[in-house]
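Accompanying notes for the structure given below.
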Amino acid sequence: MTTQLQTKSPRDKWLSVKRGFMGKCPHCGEGRMFRAYLKVSDACPACGEELHHQRADDAPPYMTIFVVGHIIGAGILFMEERDFGVPDWVQGAGWAVITLILCLWLLPHMKGALIGLQWALRMHGFGGNEEAATLPASAPSLT
Ligand SMILES: [Zn+2]
């Protein structure tokens with residue numbers, strides 16, 4: 001038995017994630033994925049690949065907080081363990097600013113990587129079967 005997914009060519013997951021992380025189209029790697037800071041283009045300006053199928057939702061902020069939290073937590077513990085003599089108020093203000101900058105920098109990269117993975121896995125209509133992606137399985141047929 002051959003399913004529709006088995007007849008389609010496989011997509012390189014790591015290449016797609018890498019292209020998405022860099023803010024590029026997961027299909028061609030040339031066109032920009034975002035038309036604004038976190039606004040995804042409806043289609044790739046270079047190859048025309050439809051990108052509006054993405055459903056990143058809350059995953060990029062979750063992944064961003066997870067990564068940045070580990071980096072900042074390790075940094076704070078390192079500074080405390082080595083006792084560089086930095087006043088607490090300087091550390092508090094400094095780590096807050098570093099956390100904010102890291103989160104703002106990493107968030108679009110995480111969103112792009114997730115969209116790249118969704119594209120590689122043909123999720124949410126990226127596989128070409130748009131009707132199946134938009135209608136829940138329990139939806140009544142319109143025909
Ligand atoms: Zn493209």
Side-chain angles (χ1 to χ4, degrees), residues 1-82 84 86 88-143:
M1 185 172 115
T2 304
T3 64
Q4 187 177 4
L5 286 178
Q6 290 171 327
T7 59
K8 294 180 178 178
S9 61
R11 294 174 176 173
D12 188 333
K13 294 175 193 69
W14 289 113
L15 181 62
S16 302
V17 168
K18 183 177 139 194
R19 287 174 173 171
F21 187 85
M22 299 307 295
K24 299 294 183 184
C25 166
H27 183 233
C28 68
E30 297 295 324
R32 293 182 54 207
M33 179 183 286
F34 297 101
R35 61 184 158 90
Y37 177 62
L38 288 176
K39 296 280 185 195
V40 178
S41 301
D42 287 339
C44 172
C47 71
E49 178 76 20
E50 292 182 352
L51 300 173
H52 63 85
H53 300 295
Q54 63 87 17
R55 297 290 179 270
D57 297 332
D58 293 340
Y62 173 80
M63 295 187 307
T64 299
I65 291 169
F66 183 81
V67 171
V68 172
H70 280 83
I71 292 170
I72 296 300
I76 290 172
L77 290 175
F78 177 77
M79 291 290 285
E80 287 297 317
E81 193 263 333
R82 295 295 168 103
F84 290 109
V86 180
D88 288 345
W89 72 270
V90 172
Q91 282 203 52
W95 287 118
V97 170
I98 292 169
T99 300
L100 184 64
I101 291 170
L102 267 179
C103 285
L104 291 174
W105 175 80
L106 191 58
L107 185 57
H109 292 279
M110 285 293 189
K111 184 170 184 174
L114 184 75
I115 293 170
L117 182 63
Q118 289 178 347
W119 179 85
L121 296 175
R122 301 178 189 278
M123 297 171 68
H124 311 300
F126 280 127
N129 190 357
E130 192 168 336
E131 185 178 352
T134 55
L135 291 176
S138 62
S141 174
L142 298 176
T143 55

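Since we're looking at a predicted model, the values are computed, not measured. When a ligand or atom number is given, it counts from 1 through the structure's own listing order.
Here the Zn ion (ligand 1) is the vertex; the SG atom in Cys28 and the SG atom in Cys47 give an angle of 110° (to 10°). Annotation: angle subtended at the Zn ion (ligand 1) by Cys25 SG and Cys44 SG is 110°, to 10°.
For the pair Ser41 and Phe34, the minimum side-chain heavy-atom distance is 4.5 Å or more.
A 6.0 Å sphere centred on CE of Met79 holds more than 12 heavy atoms belonging to other residues, nucleotides or ligands.
For Cys47 against Cys28, the heavy-atom pair with the smallest separation is SG-SG, 3.7 Å. Pairing each heavy atom of Pro60 with each of Ala56, the nearest pair is CD-O, 3.3 Å.
Coordination check, His27 versus the Zn ion (ligand 1): failed, since every N/O/S atom of the residue sits at 2.8 Å or beyond.
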